[in-house]
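These notes are about the structure you will find just below.
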Amino acid sequence: PNIVQVNVPILLSPLQEEMHAGFAKGLSVILRKKFHTPFDLQKIQQLLASMRMVCDSTYLIDDQTNESPKLNELTYILLQKLDVGNSEKKIIIFSEWVKVHKLIGKILREHNIGFAELNGSVPVRMRSELIKKFEKNPQCKVFLSTEAGGAGLNLQVADTVINFELPWNPAKKNQRIGRIDRLGQKNTTLTIY
């Protein structure tokens, strides 16, 4: 099928910018060191991950807050652009973090949009039931998945993939898209956000 990729730039909120800058400052201190210990390398990874997390929502760093222009845009895309509640669309939303699923699940429940969720804590034997629910239940419009669903799943019933954040590795992005861009896909156009 024809694949349409839509990039949606999102500005950080002031609190997100402040938190992101704080992590960047900590990172620059370590990077200026002449030699890096294994602890330094671990800290670099932690800071980079925190910088990525805060771009999704401040909730991932500080669960007393939830500033996320990205969640606002996702809500707009789902309800206005895709009109999920009144269409037969099936959508897969990928995020690396289960806490993001919690936030997205809350939005979906508030708008009576059925969904299934797959993450690393779901036993392998239960995965086929989740997939069947997504494929067969017309009320189940969204499939939330971490990287646990990035490979080995056939979800060609969906016509849209939303990458809530881009993975480090571009090959993982291709794997995510590959969940719907495969043999058996009946839609003529696939949309990737």
Notebook entry, point to check: How about Glu88: does its CD atom have over 12 heavy atoms from other parts shown lying under 6.0 Å from it?
Noted result: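 Not buried by this count: 12 neighbours or fewer within 6.0 Å.
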Item checked: More than 12 heavy atoms from other groups under 6.0 Å of NZ on Lys33 ->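 Yes - once you tally the heavy atoms of other residues, nucleotides and ligands closer than 6.0 Å, there are more than 12.
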Side-chain heavy atoms nearer than 4.5 Å, only ILVMFWY residues, links allowed to pass through others: does that put [X] and [Y] together?
| X | Y | value |
| --- | --- | --- |
| Leu71 | Ile61 | yes |
| Leu108 | Val100 | yes |
| Ile162 | Ile10 | yes |
| Val8 | Leu166 | no |
| Leu118 | Val98 | no |

Minimum heavy-atom separation for [X] and [Y], please, with both atom names.
| X | Y | value |
| --- | --- | --- |
| Asn187 | Ala158 | ND2-O, 3.9 Å |
| Arg127 | Asn119 | NH2-O, 3.9 Å |
| Lys173 | Pro167 | N-CG, 3.6 Å |
| Ile180 | Gln185 | O-NE2, 2.8 Å |
| Lys141 | Ile113 | CB-CG2, 4.0 Å |
| Leu130 | Glu117 | CD1-O, 3.2 Å |

Using 0.5 Å steps for rounding, measure from the [atom1] atom of [X] to the [atom2] atom of [Y].
| X | Y | atom1 | atom2 | value |
| --- | --- | --- | --- | --- |
| Glu73 | Leu78 | CD | CG | 10.0 Å |
| Cys55 | Phe23 | SG | CZ | 10.0 Å |
| Thr191 | Ile3 | OG1 | CD1 | 9.5 Å |
| Leu41 | Gln46 | CG | CD | 12.0 Å |
| Phe164 | Leu103 | CZ | CG | 7.5 Å |
| Leu190 | Gln5 | CG | CD | 10.5 Å |

Margin query: With a 4.0 Å cut-off on N to O distance, would you call Lys89 and Asp159 a salt bridge?
Written below: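 So Lys89 pairs with Asp159 through a salt bridge.
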Item checked: Carboxylate-amine/guanidinium proximity below 4.0 Å for Lys106 and Glu110 ->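 Salt bridge flag = yes for Glu110 with Lys106.
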Distance to the ring centre below 6.0 angstrom and angle to the axis at most 45 degrees; does that hold for [X] and [Y]?
| X | Y | answer |
| --- | --- | --- |
| Arg52 | Trp97 | no |
| Lys90 | Phe143 | no |
| Lys99 | Tyr59 | yes |

Is there a side-chain contact between [X] and [Y] in this structure, where contact means two heavy atoms from C-beta onward sitting under 4.5 Å apart?
| X | Y | value |
| --- | --- | --- |
| Leu27 | Val29 | no |
| Leu15 | Met19 | yes |
| Ser145 | Ile93 | no |
| Phe134 | Leu155 | yes |
| Leu47 | Lys43 | yes |
| Pro69 | Leu11 | no |
| Leu82 | Ile77 | yes |
| Val84 | Leu79 | no |

Does [X] use its side chain to pair, donor to acceptor, with the backbone of [Y] at less than 3.5 Å?
| X | Y | value |
| --- | --- | --- |
| Ser68 | Asp56 | yes |
| His111 | Gly85 | no |
| Asp40 | Thr37 | yes |
| Gln16 | Val54 | yes |

Margin query: For Trp168 and Leu48: C-alpha separation, side-chain torsions, deciding distance, then whether side chain to side chain contact (heavy atoms under 4.5 Å, CB included) applies.
Written below: CA-CA 11 Å; Trp168 284 116; Leu48 288 171; 3.8 Å; yes
Next item on the list: May I have the step-by-step check of side chain to side chain donor-acceptor pair (under 3.5 Å) for Asn66 and Ser57, ending in yes or no?
Entry: CA-CA 6 Å; Asn66 181 19; Ser57 171; 2.6 Å; yes
Next item on the list: Check the pair Thr58, Leu60 against side chain to side chain contact (heavy atoms under 4.5 Å, CB included), reporting the backbone distance first and the verdict last.
Entry: CA-CA 5 Å; Thr58 57; Leu60 276 69; over 6 Å; no
Next item on the list: Applying side chain to side chain contact (heavy atoms under 4.5 Å, CB included), run through Thr189 and Val4 and close with a yes or a no.
Entry: CA-CA 7 Å; Thr189 302; Val4 177; 3.8 Å; yes
Margin query: My understanding is that only one of Glu165, Lys70, Glu147 makes a side chain to side chain donor-acceptor pair (under 3.5 Å) with Ser95; could you say which?
Written below: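 For Ser95, the side chain to side chain donor-acceptor pair (under 3.5 Å) test succeeds with only one of Glu165, Lys70, Glu147, which is Glu165.
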